[in-house]
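A short write-up of the structure that comes next.
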Amino acid sequence: MTKSTTKRTTRLRELVNAPEILVVPGAYDGTGARIARSLGFEALYLSGFETSAGLLGAPDLGYLTMTEMATRVSAICDAVDLPLIADGDTGYGNPLNVRRAVRAYEKAGAAGMHIEDQTFPKRCGHLLGRHEVPVSEMVEKVKAAVDARSDPDFVIIARTDARTTLGLDEAIDRGAAYHESGADMLFIESPESEDEMRRVCAAFRGRVPVLSNQIEGGRTPTPGVRVLEEMGYALALFSLGTAFAAAKGLYTYLAELAAEGDTRGVLDDMILFEDFNTLIGLGEHLELEKRYEERG
C-alpha cells in the first residue's frame, strides 16, 4: 500500500480540524490496526485499558509502564501508516516524566497523545474511585508536554476526569484551564447524559476541538456518530469496543472447543487461514522475500 507523504501528525491535525467528525477506533495490536485500515478508518487509538488487558491480562488500574506503552505504539505504527493517538495516562509522574513520555511516544511514531488529571494510581475513566490532582499541577503537566514535543504538529490532548467526583462545571473549568496552557484538544471524560455532552461542546465551540469517549456499557451515552457530530464533537473515540468484541470471539471459540472437542460449529464466525494470512500481509512479505532471493 502506498504511504502518504504527509506526516502522520499533520494528517491527524487536518482530520481533527475538518468539518466532519473523525471516527477513531481502538486498536491494541497489529492485526486490529490492519483491519481498521482495510475498512477505511483514517486514524487509530491505543488505550491503556486495552493494552493492560491484552498485554497483562489486568485491569486499567495504573499497572502499565510508559515503556510498555511506547513499545506497543511503535509496533502499531510499524504495522500501518495511520495517525495513532496514544493514551499517556497521568504522564507517568511529574512534569519531567511527562516530558520523557511525550518524547518517547513521538519517537515511537504516535501522532498525538492524551494525559489526564487523575492522581496515581489512576484507573479507567468509566470506573468509580477516581480522584484528581489540583488544577495547577495538571497545568504544569500540559505545559511540559507542549514544551517537550519536537514536532509542533504532534497533538497534545488534555483529559479531565473531574465530572464524576467534582461535577460537570468543574470539568469544564478544568478543560478551559488546560486549553489555555497549550492543549490542542480536550477530553472531558464520562459526561453522563446527552444534555451534559451538549454542554461540553457548547462550552468550547469555536475555541478548541473536543472528543467524546464512546465506551459500550460505560457511563456516557452512545448515541451514534451522526448525533455526536451534530452535538459538536470533533472526534468520536470508540476506545474499547474492539477488545470487547475480540474477547467475545475468543470466548465463543474456546467454549465450543471445550464443550464439543471440535471447532467446526464456529467456522462461520472466524477468518480462516488463507484469509487471515492475506489480512496480515503475507503476500507483501513473500514479494519482499522473492526480491531479495533474486538479488542474492
Side-chain angles (χ1 to χ4, degrees), residues 16 21-22 24 26 45 47-49 60-62 85-92 95 98 112-146 155-223 227-240:
V16 166
I21 194 169
L22 175 63
V24 180
Y45 174 67
S47 83
F49 182 108
D60 185 15
L61 296 176
I85 300 168
D87 184 349
D89 285 345
T90 63
Y92 306 100
V98 171
M113 67 184 290
H114 67 77
I115 57 173
E116 65 206 39
D117 60 4
Q118 283 193 54
T119 57
F120 186 84
K122 58 88 62 189
R123 59 181 58 208
C124 170
H126 286 240
L127 294 176
L128 296 177
R130 287 167 288 142
H131 301 284
E132 291 69 46
V133 300
V135 174
S136 59
E137 184 175 328
M138 180 63 175
V139 162
E140 294 308 312
K141 288 187 178 186
V142 173
K143 290 179 179 178
V146 173
V155 178
I156 302 296
I157 304 168
R159 166 177 147 181
T160 179
D161 286 66
R163 161 62 188 93
T164 304
T165 53
L166 302 175
L168 186 65
D169 288 342
E170 174 70 12
I172 290 172
D173 288 345
R174 282 176 174 247
Y178 304 158
H179 170 50
E180 291 170 6
S181 303
D184 302 303
M185 176 175 253
L186 297 180
F187 181 169
I188 310 298
E189 179 64 293
S190 59
E192 298 187 3
S193 70
E194 290 192 22
D195 179 66
E196 289 192 357
M197 296 166 76
R198 291 180 187 279
R199 285 181 59 195
V200 167
C201 290
F204 298 108
R205 185 170 287 115
R207 298 168 57 193
V208 59
V210 181
L211 69 81
S212 176
N213 189 19
Q214 296 284 283
I215 294 180
E216 295 84 355
R219 301 184 67 81
T220 297
T222 53
V227 174
L228 293 172
E229 184 174 51
E230 183 271 326
M231 287 177 174
Y233 283 106
L235 191 155
L237 192 64
F238 287 80
S239 56
L240 307 185

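On a predicted model such as this, the values are computed, not experimentally measured, just so you know. Excluded from the calculations below are hydrogen atoms, water molecules and symmetry mates; all remaining heavy atoms, backbone and side chain alike, are included.
- Nearest heavy-atom pair, Leu240 versus Ile215, reported as atom, atom and distance to 0.1 Å: CD1-CD1, 3.6 Å.
- The distance from the CG atom of Leu211 to the CG atom of Leu22 is 10.0 Å, given to the nearest 0.5 Å.
- To the nearest 0.5 Å, the span separating CD1 on Ile157 from CG on Leu237 amounts to 8.0 Å.
- Expressed to the nearest 0.5 Å, how far CD of Glu180 lies from NZ of Lys143 amounts to 10.0 Å.
- Taking all atoms of both residues into account, the shortest heavy-atom contact from Ala236 to Leu228 is CB-CD1, 3.8 Å.
- Residues Asp87 and Ser47 bring no donor and acceptor atom of their side chains to less than 3.5 Å of each other.
- Applying the side chain to side chain contact (heavy atoms under 4.5 Å, CB included) rule to Arg130 yields the partners Gln118, Arg123, Glu132, Asp161, Thr164, Glu189, Ser190, Arg219; only residues at least two apart in sequence or on another chain are considered.
- Smallest separation of non-hydrogen atoms from Leu186 and Ala176: CD1-N, 4.4 Å.
- Applying the ring-ring contact (aromatic ring centres under 6.0 Å, His included) test to Phe187 and every residue at least two apart in sequence or in another chain returns His114.
- Here Arg205 pairs with nothing under the side-chain hydrogen bond (donor to acceptor under 3.5 Å, both in side chains) rule; sequence neighbours left out.
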Exercise. List the steps and the verdict of side chain to side chain contact (heavy atoms under 4.5 Å, CB included) for Arg199 and Asp169.
Key: CA-CA 9 Å; Arg199 285 181 59 195; Asp169 288 342; 2.5 Å; yes
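- Here the closest heavy-atom approach between residue Val146 and residue Gly182 is recorded as CG2-O, 3.5 Å.
- Under the 4.5 Å side-chain criterion, counting only non-hydrogen atoms from C-beta, Tyr178 is in contact with Asp117.
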Quiz item: Would Phe120 and Val133 count as a side chain to side chain contact (heavy atoms under 4.5 Å, CB included) if you check the C-alpha gap in whole Å, the side-chain angles of each, and the deciding distance to 0.1 Å?
Solution: CA-CA 9 Å; Phe120 186 84; Val133 300; over 6 Å; no
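- Pairing each heavy atom of Gly232 with each of Cys201, the nearest pair is C-SG, 3.7 Å.
- Residues that satisfy the side-chain hydrogen bond (donor to acceptor under 3.5 Å, both in side chains) test with Tyr233, not counting sequence neighbours, are absent from this structure.
- Side-chain contact between Pro223 and Met231: present, with at least one pair of heavy atoms (C-beta onward) separated by less than 4.5 Å.
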Self-check item: side chain to side chain contact (heavy atoms under 4.5 Å, CB included) evaluation trace for Val155 with Ile85
Solution: CA-CA 8 Å; Val155 178; Ile85 300 168; over 6 Å; no
Kindly list each side-chain donor-acceptor pair under 3.5 angstrom involving residues 134-142, sequence neighbours excluded, with atom names and distances?
from: Lys141; atom 1: NZ; to: Thr90; atom 2: O; distance (Å): 2.8
from: Lys141; atom 1: NZ; to: Gly93; atom 2: O; distance (Å): 3.0

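- Between Asn213 and Ser239, the shortest heavy-atom distance links the atoms OD1-OG, 2.7 Å.
- Side chain of Glu192 to backbone of Pro221: no donor-acceptor contact under 3.5 angstrom is found.
- Between Ile115 and Tyr92, every side-chain heavy-atom pair lies at or beyond the 4.5 Å cut-off.
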Quiz item: After noting the C-alpha distance and the side-chain angles of Val200 and Arg163, does the key distance pass the side chain to side chain contact (heavy atoms under 4.5 Å, CB included) rule?
Solution: CA-CA 11 Å; Val200 167; Arg163 161 62 188 93; over 6 Å; no
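- A search for salt bridge (charged side-chain N to carboxylate O under 4.0 Å, His left out) contacts involving Glu170 returns Arg174, not counting sequence neighbours.
- In this structure a side-chain-to-backbone donor-acceptor pair under 3.5 Å is missing from Thr220 to Gln214.
- With hydrogens and angles disregarded, a donor-acceptor distance shorter than 3.5 Å links the side chain of Glu229 to the backbone of Ile21.
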